[in-house]
Amino acid sequence: MNNSINRRTWFKSSLALTGGLAISASWVNQLLASPVSTAEGEFIPSANGHIVRLGSNENPYGPSALARKALQQGMGEFNRYAFEPVSEFKKVLAEKEGVSPEHILVVNGSSETLCLAGMAIGLEGGAVLSAYPTFRSLMDYAEKLHARWDKVDLDEYHKHDLNALASAVKPDTRLMFLCNPNNPTGTVIEGKKYLDFCEEMSRKTVVFSDEAYLEFLEPSEQRSAVALVQKGHNVIVSRTFSKVYGLAGLRLGYAIGQPELIKKLAQYQMGPVINQAGLTAAKVSLTDKEFTKLTRTKNNEALNFFQHYLDQKGWFHGQSRTNCVLFPAPKDGKTILAETLKRGFQIRVWDYQGKEWCRVSIGTLEEMKAFVKAFDEVVA
Ligand SMILES: Cc1ncc(COP(=O)(O)O)c(C=O)c1O
C-alpha cells in the first residue's frame, strides 16, 4: 500500500472531525504514557475519527522502506522466540558501539531500560537526581520503590544547569539521569561539555545518559556518552529504535554500560521479551543512513516552521534540536487539550514551576501547518 497516499487520506479525514465518539480516560493514559499535569489527569478526551498525533514524539515517516521489506521477508521466523537473533544482534551493536557484547543489554523499547534502572536503583534506596522537566520514567519507577527524586530546574533557556546539578549530588545519590537531547524541551548540552560533565559526575555516582533523540543531531554533532563507557567509566547509555528509526510500535532499544552494571539491570528483566519483528526491522534500520537523513531533514524543516510560528507569537521556547517543543500554555491547559483534540490534534500539557506548558511533537510540515491554524483558533 502506498504510505503517503494513506497518510494523506487519513489526514484529510482527521481534519473532518465533528465530535461524538467518547474515548475513555484510560485510553488517553495509554496513548500518552501517563499524565504529566493536572490538566491531563482531569481531561476526558472525546474525539471522532482519527487524530494527528503530536503528543508522543513519534516519527511520522517510519518505518523505513528497508525495514518494511525486511519485515515482509522475515515473517516466516515470527513463530520462534528470538534467543539466537538477540545474541547475534548484541554482537552487531557491540561492534557499532566499540564495546564487547557483555556491555550490551537488548530491551523491549528503552522504556524497559528506564524501568530496570529505576528498579535496580530504587531497591537500594537513596536518591536519583535529574534536571526538571525531563523524561521521568526512571525516576517514577525509583520513587515507587521508595527512592527519593531530587530535581534541579532547567536554566532560563530551558537547558540543563550543570553547576546546579553538580552541587545537588549528595552522599546518597545513586544515579544522575541526564536526557540529552532533553524531552520535553528538545534542548542539548553540546559536545565536549557534555562528555566532560558526565565523566566528572561518574566519579561520584552512576551517570545515566538517555540518548533517545541523539540521532536528530547531525552526525558530526552527535557526542555519545558511549565514549565514556569505552574508557571504563560508571556510565549507562540508553538508546532506542523508536525515534529517528521510526519503529516505536515494534519496541526495541538497548543499553550500553560496564558489564557489572548491565548485569545489575538484566537481573530484573523478564523472560524472552525481545520480539523477532523488532529485531528484524532494527537490524536493517541501523544501516539505513538515507532514512535517518530524511527524518532529520524533514523534521528540521517542520521544526523550523513551528519554532518560527512561536517566535512570531512572541512565545518563549527553548532551542529544540529534536522532534518536540515546549512553550508556555497561552490558555488554561484543560481547554487547550480539549479544543486542540476537537480540531483533530493531540498534544500534551506539562506542569512546571507553577505554570502550564504545551509540548508539541513535530509532525510532517503539512501537519504542522494545519496545526498552527487550529491552534490560532484555540487561543484566539
Ligand atoms: C527521552 C526518552 N527516553 C525514552 C523514551 C522511551 O521510548 P521507547 O520505550 O519507545 O524506546 C522516550 C519516549 O518518548 C523518551 O522521550
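Note that these values count all heavy atoms, side chains included, but never hydrogens, waters or copies made by symmetry. Since we're looking at a predicted model, the values are computed, not measured. One-based numbering, in listed order, for ligands and for the atoms of each.
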Checking heavy atoms under 4.0 Å, the part of D210 that sits near ligand 1 is side chain

Among the heavy atoms of C179, does any lie under 4.0 Å from an atom of ligand 1?
yes

>> Is a donor from one side chain sitting under 3.5 angstrom from an acceptor on the other, for N57 and S361?
In response: yes

If you scan protein heavy atoms around atom 10 (O) of ligand 1, the nearest is S242 OG, 2.6 Å

- Task: Kindly assign one of parallel, tilted or perpendicular to the pair F375 and W315, based on the angle between their ring planes and the thresholds 30° and 60°.
- Result: perpendicular

At under 4.0 Å between heavy atoms, what of S111 touches ligand 1? The answer is both

Next on the checklist: Do the side chains of E339 and R343 get close enough for a salt bridge, i.e. N-O under 4.0 angstrom?
Outcome noted: yes

(request) Mark yes when over 12 heavy atoms from residues, nucleotides or ligands other than K151 sit less than 6.0 Å from its NZ; otherwise mark no. (result) yes

Looking only at protein heavy atoms, what sits closest to atom 13 (C) of ligand 1 is K243 NZ, 3.3 Å

If you scan protein heavy atoms around atom 4 (C) of ligand 1, the nearest is S110 OG, 3.3 Å

The closest protein heavy-atom partner of atom 12 (C) of ligand 1 is F135 CZ, 3.4 Å

query: Is it the case that E102 and S100 place a side-chain donor and acceptor less than 3.5 Å from each other?
result: yes

In ligand 1, the atoms that come under 4.0 Å of a heavy atom of A212 are 1 (C), 2 (C), 3 (N)

Near Y213 (heavy-atom distance under 4.0 Å), the atoms of ligand 1 are 1 (C), 14 (O), 15 (C), 16 (O)

Atoms of ligand 1 under 4.0 Å from any heavy atom of L114, numbered from 1 in the order shown, are 4 (C)

Q) Do we see a donor-acceptor contact under 3.5 Å between the side chains of N183 and R359? A) yes

Problem set entry | Pairing of E215 and K243 as salt bridge, 4.0 angstrom limit | no

Near G109 (heavy-atom distance under 4.0 Å), the atoms of ligand 1 are 9 (O), 11 (O)

Query raised in the report: Under 30°, 30 to 60°, or over 60°: which ring-plane class applies to F316 and H158, parallel, tilted or perpendicular?
Result: perpendicular

**Message:** Please check whether N57 reaches ligand 1 - meaning an N/O of the residue sits under 3.5 Å from an N/O of the ligand, judged on distance alone.
**Reply:** no

If we number the atoms of ligand 1 from 1 as shown, the ones under 4.0 Å from a heavy atom of R251 are 8 (P), 9 (O), 10 (O)

Residue pairs passing the ring pair (Phe, Tyr, Trp, His ring centres under 6.0 Å) test with at least one member in residues 62-87, sequence neighbours excluded, are Y81-F83

